[in-house]
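Heavy-atom basis, side chains included; hydrogens, waters and symmetry copies ignored. Throughout, protein chains are lettered first and strands after them, A, B, ... in sequence-line order, and every chain is numbered starting at 1.
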Amino acid sequence: MLEIKKLNVSVEDKHILKDLSLNIGKGEIHAIMGPNGSGKSTIAHTLAGNPNYLVQSGQIEFHNKNLLELDPSDRSLLGLFLAFQYPIELPGVTNATYLKQIVNVHRKKEGLDPIDAGEFLKLLREKSKRLDIPMDMHSRFVNTGFSGGEKKKNEVLQMDLLNPSLVIMDETDSGLDVDALKSTSEAVNQLRSSDRSFIIITHYLRLLEYIEPDFVHVFQDGAIVESGDKSLASRIDQEGYAG
Amino acid sequence: MNKVSKDNFQQDKYKYGFVTDIESDKIPKGLNEDVIRLISKKKEEPQWMLDWRLKAYERLQHMEPPKWVKAKFDDIDFQDIYYYASPKDFKDKPKSLDEVDPKLLETYEKLGIPLKEQKVLAGVAVDAVFDSVSVATTFKDKLDEIGVIFCPISEAIRKHPDLVKKYLGTVIPVTDHYYATLNSAVFSDGSFVYIPKGVKCPMELSTYFRINASETGQFERTLIVADEGSYVSYLEGCTAPMRDENQLHAANVELVALDNAEIKYSTVQNWYPGDENGVGGIYNFVTKRGLCKGVNSKISWTQVETGSAITWKYPSCILRGDNSTGEFYSVAITNNYQQADTGTKMIHLGKNTKSRIISKGISAGKSSNTYRGLVSFNKRAKNAKNYTQCDSLLVGGKCSAHTIPLTENGSNDSSIEHEATTSKISDEQLFYVMQRGLDAEAAQGLIVNGFCKEVLQKLPMEFAVEAQKLVNISLEGSVG
Ligand SMILES: Nc1ncnc2c1ncn2[C@@H]1O[C@H](COP(=O)(O)OP(=O)(O)OP(=O)(O)O)[C@@H](O)[C@H]1O
Ligand SMILES: [Mg+2]
């Protein structure tokens, strides 16, 4: 479903991703690990279409479409979801209003009418409960003044509301407490299906113990230097990248 | 004949930019005593009104247009303006809507203001002002029953001279400043509202101003009096055709609230703003002032200013009655080459008077947006309080925002709280929202609406949604 070929990406004239290639099949979970600054967030943002990340060469195909030609919003509507490492604050924009609007824009794409207010509230209650998000968080402004963990939970909630076909989680586990880590993993496991794929960027084995990845890749200096199954994650956890 | 087809360029963006093809009856261009006499005659005014106008005109001879405003524009040639235009053969205001020229009804229909009673917005009475005359007023009978007077000011001058005489010019003195004095000399139409003692007006009253004729100025005059213990919510809307000339709209609006009365005045101003190169558009030079005359009275101004090439207005409150309250909620949006210099004055005279100012300025394109405000506490204004919040949002890097808050504090036990912020819509914010499926304009709209929601919520419900849409339309083409 996702095919990355010989991708070279630069940010602010700095060459970061170097000839990166990666294939993600339907229903697969790929974990990406790697030292700070190795380019993990760069691939995440490039896939999502952040205009600050300039693709110098290479191709990306997503659902047999040339992803690089699409706007960030079209990528989203095509099923790509990025849970941000650093979620952005939107002062003034109420979380509930925002969530409803993003749900509706996806419904529109499916040819559905905007969700009824009562139905949305029900959905929001149910999904928030599962992630242990208090309802009053939805009357606050999007991510504004949220704690680190609350921001991450809000990302997982959005993932859950939008039913994406490809989820990229950029260090969603960092900042989550043990309970939240568990409920996040449960949300992922519930969404896990034969036609939904995940890229999980993380520094820690812990999350991968809950969500069992099919593949683990190690990033270094903008390229994949090693790939394996989940035992690779355990080895890194014990020995580190240098070892 | 007044057919100006070249005016109809790029109708898609400003959807109110059409011209109604109706013959207009104008009095000759220029400003002089004869013109004033002619206006007064057309309006069949009593002598006292004509004398009032002439006195204003006499004063105008010794006045100069003010220069302190931040906006840049060429001097206006006051002799090159038509001061009065009305649809031809419009001698008497039609008695019923069936007598109104279908072209006019169609015009208002196109503007989203249906005047036929079966179609009108429930709960909103409309006075429709076309160039210099009021062409229709809805729900008059229903309002008559409870003693509410809602009619064109020209009609009020004839039918309710005592009320008009008692209050006209008491809030904005004839000699206030150049444009206010000009208005006093040449004003044409606008609305008159009187709410009797103890009456809570059961419906929104609204006036819809439309400039149609070219090279014509509109000199609206509105007077609203809320008698003791009464309440009224009033809304005005404005649009004009797209033209490559600048047209002047110089209005005077006076509000008077007596003991325990409340007036809520809302404006959705969408005059033609000029094209993306800054050609054409309305000069909106408006004097709006409310007098909280009685104890516990309250006046609140809510404005959404999206139109006009230049907006220059400071809806103000004079808080004379003890315990009276003044409020000013404003969203001013400028795009392309628009210039807005707007704000308020809160003049605290009475004891325990309170005022609250929330101003949201949004600038995009190459526009300039200024908040200018004055909070003044008189020596007598014991225990007066003001809260001011001015937020500016910049869209793109070529626009500018300015905040000029002034205070005069003659009272030593009063308090002023002032907060100001300037923010920019960041690329990160847009990218974040777009990652969730909203396109660039919708993403910007979401953030902008979040920014000004606090003010939009103050509008009467029927208009809040429209205003929100208008905010987004005004910023179209400014993303990226
Ligand atoms: N806007 C920018 N300007 C300059 N350099 C940048 C910019 N954004 C990212 N970089 C650089 O690109 C490199 C890769 O960054 P990236 O965020 O992809 O790392 P990461 O693998 O996600 O690291 P971490 O584990 O710390 O999140 C880093 O050296 C970083 O400093
Ligand atoms: Mg990162």
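Each of A/V93, A/D74, A/V142, A/L77 has some count of heavy-atom pairs under 4.5 Å with chain B, and the biggest count is that of A/V93. Between chain B and the options A/Q158, A/K108, A/H45, heavy-atom pairs under 4.5 Å are most frequent for A/Q158. Of the residues considered (A/G92, A/P91, A/P87), A/G92 shows the highest number of contacts with chain B, using heavy-atom pairs under 4.5 Å. If you tally non-hydrogen atom pairs under 4.5 Å between each of B/D439, B/L446, B/V448 and chain A, the highest count goes to B/L446. Chain B forms more heavy-atom pairs under 4.5 Å with one residue of A/E89, A/R75, A/E155 than with any other, namely A/E155.
Using modelled atom types, no side-chain atom of B/K458 and backbone atom of B/W301 make a donor-acceptor pair closer than 3.5 Å. Using modelled atom types, no side-chain atom of A/Q190 and backbone atom of A/D160 make a donor-acceptor pair closer than 3.5 Å. Using modelled atom types, one side-chain atom of B/Q429 and one backbone atom of B/S426 make a donor-acceptor pair closer than 3.5 Å.
No part of A/L78 comes within reach of chain B, as not one of its non-hydrogen atoms sits under 4.5 angstrom from that chain. Only the side chain of A/L162 comes within contact range of chain B, with at least one heavy atom under 4.5 Å from a heavy atom of that chain.
Between A/E186 and A/R130 there is no salt bridge, since none of the side-chain N atoms of the basic residue sits less than 4.0 Å from a carboxylate O of the acidic one.
Residues B/A401 and B/S363 approach most closely at CB-OG, 4.0 Å, considering heavy atoms.
Relative orientation of the A/F84 and B/F431 rings is tilted, given thresholds of 30° and 60° on the angle between their planes.
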